Amino acid sequence: MDKWDSRFMQMAHVIAGWTSCFVEGRSIGCVIVKDKRIMTTGYNGAPAGLRTCRERGECMRRKLGIQSGTRAELCYAIHAEQNAIIQAAKIGVSIQGATLYCTHQPCSVCAKMIINAGISRVVYQEGYPDEFSLRIFEEAGILLEKFDPAAAPPVN
């Protein structure tokens, strides 16, 4: 890890603050970087034009008692990684060979999207209850690194 990893992870945490997810602790941010330049960002939130969980005043997953890391399709929000990849496609930016920085370990659905988007490295800070995603990354040969803020160099 170097100071650039610290900088981009710090940015992912800033982006996480934009989440529209209702559940505390579910603020997830993502930054996709290529050649030390930010290509796109994403945070977990409802698709454009849909009411967010905050606007609804409840989390459907919590209401239905759905365990974290399961049944991702039963949620109004799109994951931060998905939003960042979709944004790249929407604005026509290549993320082939890029690094994805995320506040949390990507789930298995996001892992498959990351692989097909051509992202070659993923740096995350917090774990996520989806061991299958780790196997997918390993099999695909994607470099997966856990960011340790205590061991990271200062951003200055």
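All values reported here derive from a predicted model rather than from experimental measurement.
Remark: Arg56 qualifies as a cation-pi partner of Tyr76 under the 6.0 Å distance and 45° angle criteria applied to the six-membered ring.
The closest donor-acceptor contact from the side chain of Glu139 to the backbone of Ile136 lies at 3.5 Å or more, if one exists at all. Remark: side-chain polar atoms of Lys146 are not paired, donor with acceptor, to backbone N or O of Tyr124 under 3.5 angstrom. At least one donor-acceptor pair under 3.5 Å links the side chain of Ser120 to the backbone N or O of Gly97. Formation of a donor-acceptor pair under 3.5 Å by the Asn44 side chain with backbone atoms of Ala77 is not found in this model. Judged by distance alone, with hydrogens and angles left aside, the side-chain atoms of Arg71 form no donor-acceptor pair with the main-chain N or O of Ile66 at under 3.5 Å.
In terms of heavy atoms, Tyr128 sits closest to Gln105 at CB-O, 3.4 Å. His104 and Ser27 make their closest contact through CE1-O, 3.8 Å (heavy atoms, listed as atom of the first residue, atom of the second, distance). Closest heavy-atom contact between Gln125 and Pro149: NE2-CG, 3.4 Å. When all heavy atoms are compared, the tightest approach of Glu81 to Pro106 is OE2-CA, 3.1 Å. Closest heavy-atom contact between Cys107 and Ser133: C-CB, 3.5 Å. Of all heavy-atom pairs between Ser20 and Ala46, the closest is OG-N, 3.5 Å.
In this structure, Ser108 OG and Glu131 CD are separated by 11.0 Å, a value rounded to the nearest 0.5 Å. Summarising the geometry, atom CD1 belonging to Ile91 is positioned 12.5 Å from atom CD1 belonging to Ile86; distances are rounded to the nearest 0.5 Å. Residue Leu134 holds its CG atom at 6.0 Å from CG of Leu144, rounded to the nearest 0.5 Å. Distance CD1/Ile85 to CE/Met39: 14.5 Å, rounded to 0.5 Å. Distance check, rounded to the nearest 0.5 Å: NZ of Lys63 to SG of Cys53 gives 11.5 Å. Interatomic distance, Met60 CE to Leu74 CG, rounded to the nearest 0.5 Å: 5.5 Å.
Both Phe132 and Ile114 are members of a single hydrophobic cluster when ILVMFWY side chains are connected at heavy-atom separations under 4.5 Å. Taken together through direct or relayed side-chain contacts under 4.5 Å among Ile, Leu, Val, Met, Phe, Trp and Tyr, Met113 and Val122 form part of one hydrophobic cluster. When the side chains of ILVMFWY residues are joined at heavy-atom separations under 4.5 Å, either directly or via intervening members, Ile119 and Tyr43 end up in two distinct hydrophobic clusters. In the hydrophobic clustering of this structure, Phe147 does not group with Phe137; members are Ile, Leu, Val, Met, Phe, Trp, Tyr whose side-chain heavy atoms approach within less than 4.5 Å, directly or through other members. With hydrophobic clusters built from ILVMFWY side chains whose heavy atoms lie under 4.5 angstrom apart, Met9 does not share a cluster with Leu100.
Of the charged side-chain nitrogens involved, at least one lies within less than 4.0 Å of a carboxylate oxygen, so that Asp5 and Arg121 count as a salt-bridged pair.
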Full working for side chain to side chain contact (heavy atoms under 4.5 Å, CB included) between Ile32 and Ile38
CA-CA 6 Å; Ile32 299 178; Ile38 296 172; over 6 Å; no
With side chain to side chain contact (heavy atoms under 4.5 Å, CB included) as the test, would you mind laying out the steps for Lys34 and Thr99 before giving the verdict?
CA-CA 6 Å; Lys34 193 170 178 181; Thr99 296; over 6 Å; no
Residues Ile142, Ile115; criterion side chain to side chain contact (heavy atoms under 4.5 Å, CB included); working and verdict
CA-CA 7 Å; Ile142 304 296; Ile115 292 164; 3.9 Å; yes
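Of the candidates Thr19, Ile15, Asn83, Thr103, Ile28 forms a side chain to side chain contact (heavy atoms under 4.5 Å, CB included) with just one, namely Thr103.
A donor and an acceptor atom, one from each side chain of Thr41 and Gln87, are nowhere located under 3.5 Å apart.
Enclosure of atom CG in Asp2 by more than 12 non-hydrogen atoms of other residues, nucleotides or ligands within 6.0 angstrom is indicated.
Between Phe8 and Tyr101, the ring planes are tilted. Angles from 30° to 60° get that label.
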